[in-house]
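Along the sequence shown, residues carry numbers from 1.
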Amino acid sequence: MSPLRLGVNIDHVATVRNARGGLHPDPVRAAQIASAAGADGITAHLREDRRHITDADIGALMGGIALPLNLEMAATEEMLGIALRHRPHAACIVPERREERTTEGGLDAAGLHNILAPMVARLTDAGIRVSLFIEPSDRQVEAAAKLRAPVIELHTGRYCHLEGDAQAEEVARIATAAAHAAALGLEPHAGHGLSFENVTPIAAIPEIAELNIGHFLIGEAIFIGLDASVREMRRLMDAARGGA
């Protein structure tokens, strides 16, 4: 089974910084620690209301880390312009509403085809790898393929809130969507709500190439440190892949 990449989302380092203003804690420093601990990439979500990551953070991350940067962004002209200006390694288009605390559910790639198609094309033409954050359903996977996005990120939030048989059924749904995506030539990723306790079944899905995890890792870092938090997640992911 192929190795599984870990993308560490450093949004909530910026959340803590912004609670008091100033420069501490520094998201770039967090990204550098995550890199040394085994992360394969860094994710940052530049929201419309700038509640955590700011425009200045994107420039600082682009210049301050060696790892690929995955910019999470809403499907707006403002965010498209920022992505085209900075040209991160990847751009993951996500749904966004001001009133939500965190991203709730996947992007409706099928219903938003006419809005997303030119955006995917412009990002791709700029050499930015495009990902669509979607629900694990055939309709959304097939819509992503029609949009010619090379990557999808399957929303695991529902899985993380379920228990028992219902959770097992959701794992199966995610695995089916990942296999369907791979068969269509897409690279499946997954993320949202994953923790030490629930990551293993998702990490064990062979078609999934990357997990993006943030809130849990930053929260756990309060107790054990960011280096240890990332290393433990890396260990669990590798174990799920049979030590790959």
Side-chain angles (χ1 to χ4, degrees), residues 5 7 9-11 14 27 31 40-98 100 102-155 177-178 180-182 184-192 209-210 212 214:
R5 299 192 301 270
N9 186 315
I10 46 80
D11 288 353
D40 300 291
I42 299 299
T43 292
H45 184 177
L46 184 65
R47 282 183 170 268
E48 180 188 22
D49 61 8
R50 309 308 198 263
R51 70 178 65 170
H52 37 60
I53 293 296
T54 65
D55 301 67
D57 289 328
I58 300 302
L61 287 163
M62 289 291 296
I65 61 173
L67 291 182
L69 178 64
N70 174 38
L71 174 64
E72 289 188 348
M73 54 177 274
T76 66
E77 284 298 318
E78 178 196 20
M79 292 302 158
L80 176 62
I82 291 168
L84 294 174
R85 185 163 66 252
H86 287 286
R87 300 202 177 195
H89 168 73
C92 182
I93 303 177
V94 303
E96 185 175 315
R97 296 183 298 121
R98 273 184 181 266
E100 67 188 2
T102 185
T103 304
E104 298 172 354
L107 186 73
D108 184 7
L112 297 174
H113 178 94
N114 292 344
I115 293 173
L116 294 172
M119 187 168 291
V120 171
R122 290 180 67 186
L123 290 167
T124 300
D125 289 346
I128 301 169
R129 186 197 72 187
V130 181
S131 174
L132 301 179
F133 184 76
I134 61 173
E135 291 296 321
S137 74
D138 286 349
R139 180 171 182 263
Q140 296 301 335
V141 169
E142 290 164 8
K146 289 177 182 177
L147 285 163
R148 298 185 179 181
V151 177
I152 59 165
E153 182 170 338
L154 297 170
H155 178 230
H180 189 188
L184 293 175
L186 304 175
E187 181 175 281
H189 298 180
H192 199 82
E210 180 174 309
N212 282 297

K.L.:
Applying side chain to side chain contact (heavy atoms under 4.5 Å, CB included) to M73 and L46, what does each step give before you reach the verdict?
P.N.:
CA-CA 6 Å; M73 54 177 274; L46 184 65; over 6 Å; no

K.L.:
Find the distance between CD1 (I93) and CD1 (I152) and round it off to the nearest 0.5 Å.
P.N.:
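One finds 13.5 Å between CD1 of I93 and CD1 of I152.
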
K.L.:
Look up atom CG in L61 and atom CD1 in I58, then write down how far apart they are to the nearest 0.5 Å.
P.N.:
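One finds 6.0 Å between CG of L61 and CD1 of I58.
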
K.L.:
How long is the straight-line distance from CG of N212 back to CD of E153, given to the nearest 0.5 Å?
P.N.:
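It is 4.5 Å, given to the nearest 0.5 Å.
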
K.L.:
Looking at R50 and E48, would you say the former's side chain and the latter's main chain have a donor-acceptor pair under 3.5 Å?
P.N.:
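Looks like yes, one N/O pair under 3.5 Å.
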
K.L.:
Testing the basics here: between A14 and P27, what is the closest heavy-atom pair and its distance to 0.1 Å?
P.N.:
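Closest approach of A14 to P27: CB-CG, 4.0 Å.
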
K.L.:
What donor-acceptor contacts under 3.5 angstrom involve side-chain atoms of residues 83-91, with partners at least two apart or in another chain?
P.N.:
| residue | atom | partner | partner atom | Å |
| --- | --- | --- | --- | --- |
| R87 | NE | L84 | O | 3.4 |

K.L.:
Can you tell me which residue among H155, R139, Q140 is in a side chain to side chain contact (heavy atoms under 4.5 Å, CB included) with I134?
P.N.:
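Checked H155, R139, Q140 against I134; only one passes side chain to side chain contact (heavy atoms under 4.5 Å, CB included): Q140.
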
K.L.:
Assess whether side chain to side chain contact (heavy atoms under 4.5 Å, CB included) is satisfied between H45 and I53, documenting all intermediate values.
P.N.:
CA-CA 6 Å; H45 184 177; I53 293 296; 5.7 Å; no

K.L.:
Looking only at side-chain N and O atoms, does N70 offer a donor or acceptor that is under 3.5 Å from a partner on T43?
P.N.:
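Note: T43 and N70 side chains meet the donor-acceptor criterion.
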
K.L.:
Within a strict 4.5 Å, meaning less than it, do heavy atoms of the F133 and E72 side chains meet?
P.N.:
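Not in contact.
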
K.L.:
So, using ring-ring contact (aromatic ring centres under 6.0 Å, His included) as the criterion, who are the partners of H180 when residues are at least two apart?
P.N.:
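Partners of H180 by the ring-ring contact (aromatic ring centres under 6.0 Å, His included) criterion come out as none, since no residue qualifies.
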
K.L.:
Might you confirm whether atom CZ of R148 has over 12 heavy atoms from other residues, nucleotides or ligands at distances under 6.0 Å?
P.N.:
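Atom CZ in R148 is not crowded, with 12 or fewer foreign heavy atoms closer than 6.0 Å.
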
K.L.:
With a 4.0 Å cut-off, would you call D49 and R51 a salt bridge?
P.N.:
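Counted as a salt bridge, because a side-chain N and a carboxylate O are separated by less than 4.0 Å.
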
K.L.:
Can you tell me how far apart CD (E135) and CG (L107) are? Round to the nearest 0.5 Å.
P.N.:
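These two atoms lie 10.0 Å from each other.
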
